[in-house]
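Predicted model only: the values in this text are computed from it and were never measured. Residues: numbered from 1 along the sequence shown.
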Amino acid sequence: MERSSISTTLAKSPKTPIGIPFAIRERDVIKAILEFLEIRGLHITQLSLEREAGVINGAFSDDILFLRQLILDGQWDNALDFVEPLKPVKEFDFGAFRYNITKYKFFELLCVKLEPGPLHDNDFAVEELVECLKDLEHICPSPEDYRHLCALLTLPKLSDHEDFKNWNPSSARVECFHKVHQLCGHLLPPTGKEKDRGEESNSSNDRLSGLLAKGRFYEGCVDYCQAQAIGDKRGIEAGPTPSDLLTFRPKLGSTDLSLVCWLEMIGKEQFAMPFKQKQLELKVEHIRKPKLEAAWTETIMATPIKPGGQFPHNLVPASKLKFAEKMSQSMTMSMLPPADLTTSMFPAVPRGNPMSQSTAAGFCLGTAIAEGDAMAQSLLIDEMMESSQLAKTSRPDTLRGVGMVTGGAVVPVPQQIVPTSTSQITNQIMNMSMAPQVLAPVAPMAQSMINYDFTPVRRQLDEMTRRFF
């Protein structure tokens, strides 16, 4: 039967509806895609889609959702603090929970230590790595597990180990969550208010693949019925075969309802005809994922994207690993003058607008600075950033001293105002930009951070590495 014949018949039928309601929620589509990605281990894309769309697939309580986001954001210590109230509960194995969290934190710290880059073998990372190993020594299920973790210290890079050849922080964090969810998921059920909101549907059982397979079968059935209607021998002999997924077809329209409408016109006796059930032999041709080349340290250290105002992202703290916070403090403090400065040294420092007297450690750019001083101050900041070992500017050397563009004209940079020594930098800071109310209390801390001796920490790490070899 041709499509035109079907349309004519339907027009004469009093039972034919004017239209068939058909709605698709994009949220449901995204959930089906998220499940598809998670099943196939495409966790980097999965977590990026979650953040960009603000959609999470899974029947989780609010407490579990929050714990999940802590882990996915690398908030390892906060995750331990979050389940602290569950420690007295007999059904909760806090030791196993702590072991998994600490172990996956160890993997990330080890990645930072071994990976080539600015933070390779960083002293602060090594210090936190040693702390992690000390904890793991007491909470590992067996000495063999601890020995295996210590063996990873001898690798040139983490991906050299067979178990970590495809390792990435996103997949590791998802894996960690699934392990700890088994330990505490049943202890953090939905509350009464969460149940009152109604249970939202989630994608399961590889729903996207199922829909794609059924859609291809439906198109194949439409083609077969069309072949029977017009007497296409080739189509009839081929039988109802699934269509190719990416075969070009017209955009979805009313003609795609022809099979449904035709089935409405078939007599009831036709549906009672016996048939032989066939077995579905579904074969999925999996892609061969390439080995990813990336600086995973950047992923570990990066501030994650958050969909604004959406739970649980909006409640997750923006804290970093301890070594990153110490390193950031050290970088800031290394730019401060020596520790023997006090507030009594600044009675004659001129004051601009009160808003310029910030209590934040750093440069206070006053509003009363003349244009020449402002230019000198800008160059001072650039020079300090370039002289620091922890912060290097990307400005090419060929551009230094060339000039600055102001109002469309190139203004030469006076070479005499650029500080060339530590004393000159200190004097410039004292005269222009440093907030004295901040400088005095942090200066001793700066000196202690800069002079910190990491030798004992590294000696401990070497001993841990040799202990089992």
Output all residues satisfying ring-ring contact (aromatic ring centres under 6.0 Å, His included) with F106, sequence neighbours left out; order by chain, then residue number.
none

Looking only at heavy atoms, the pair that brings N100 and C176 closest together is O-SG, 4.0 Å

Results of ring-ring contact (aromatic ring centres under 6.0 Å, His included) for F82 - residues two or more places apart only:
F66

Side-chain touch S142/R147, heavy atoms, less than 4.5 angstrom
no

The criterion is salt bridge (Lys or Arg N to Asp or Glu O under 4.0 Å); which residues satisfy it with R216, sequence neighbours excluded?
none

By the salt bridge (Lys or Arg N to Asp or Glu O under 4.0 Å) test, which pairs, at least two apart or in different chains, include something from residues 166-176?
E108-R173

H43 and S171: side-chain donor and acceptor closer than 3.5 Å?
yes

Contact check, side chains of D62 and P312, non-hydrogen atoms, under 4.5 Å
no

Could you tell me the separation between the NZ atom of K134 and the CG atom of L129, rounded to the nearest 0.5 Å?
11.5 Å

Nearest-0.5 Å distance that lies between atom CG in L252 and atom CG in L257:
7.5 Å

Residue set satisfying side chain to side chain contact (heavy atoms under 4.5 Å, CB included) with V29, at least two apart, ordered chain then number -> I24, I33

Is the shortest heavy-atom distance from the side chain of F97 to the side chain of L86 under 4.5 Å?
no

Can you name the residues that form a side chain to side chain contact (heavy atoms under 4.5 Å, CB included) with R288, not counting sequence neighbours?
none

Under the side chain to side chain contact (heavy atoms under 4.5 Å, CB included) test, residues paired with E115 that sit two or more places apart
C111, A295, W296, T297

Which pairs with one or both residues in residues 82-103 pass salt bridge (Lys or Arg N to Asp or Glu O under 4.0 Å), sequence neighbours excluded?
E84-K87, R98-D135

Could you tell me which residues satisfy side chain to side chain contact (heavy atoms under 4.5 Å, CB included) with L280, sequence neighbours excluded, listed by chain and number?
F217, L282

Minimum heavy-atom separation for K291 to S159, with atom names?
NZ-CB, 3.9 Å

Does the pair F92 and V83 meet the rule for a side chain to side chain contact (heavy atoms under 4.5 Å, CB included), with working shown?
CA-CA 10 Å; F92 180 52; V83 300; 4.2 Å; yes

Under the ring-ring contact (aromatic ring centres under 6.0 Å, His included) rule, collect the residues that match up with H181, sequence neighbours excluded.
F60, F177

Heavy-atom closest pair (N57 atom, S203 atom, distance to 0.1 Å) is OD1-N, 2.8 Å

If you define the side chain from C-beta out and look only at heavy atoms, does anything of F311 sit under 4.5 Å from Q69?
no

Do other residues, nucleotides or ligands put more than 12 heavy atoms under 6.0 Å from I39 CD1?
yes

Take I71 and I101 through the test side chain to side chain contact (heavy atoms under 4.5 Å, CB included) and record every step on the way to the result.
CA-CA 8 Å; I71 294 173; I101 293 293; 4.0 Å; yes

Could you tell me if the side chain of E219 sits less than 4.5 Å from the side chain of P242, heavy atoms only?
no

Could you state the interatomic distance from CG (L136) to OH (Y99), rounded to the nearest 0.5 Å?
7.5 Å

Separation between OG1 (T102) and CG (L133), nearest 0.5 Å, reads 10.5 Å

Mind checking ring-ring contact (aromatic ring centres under 6.0 Å, His included) for H161 and listing every partner two or more places apart, or none if nothing turns up?
H148, F164

Only one of R68, K306, K31 passes salt bridge (charged side-chain N to carboxylate O under 4.0 Å, His left out) with E50; say which it is.
R68

Quick one: does L292's side chain get under 4.5 Å of I44's, heavy atoms only?
yes

Ion pair present between D77 and K105, side-chain N to carboxylate O less than 4.0 angstrom?
yes

Got a second to check how far L187's CG is from S61's OG, nearest 0.5 Å?
10.5 Å

To the nearest 0.5 angstrom, please state how far the CG atom of L47 sits from the OG atom of S170.
5.0 Å

Considering only distance and modelled atom types, tabulate donor-acceptor pairs under 3.5 Å from the side chains of residues 207-215, sequence neighbours left out.
| from | atom 1 | to | atom 2 | distance (Å) |
| --- | --- | --- | --- | --- |
| S209 | OG | R40 | NH2 | 3.2 |
| S209 | OG | D206 | OD1 | 3.1 |
| S209 | OG | D206 | OD2 | 3.1 |

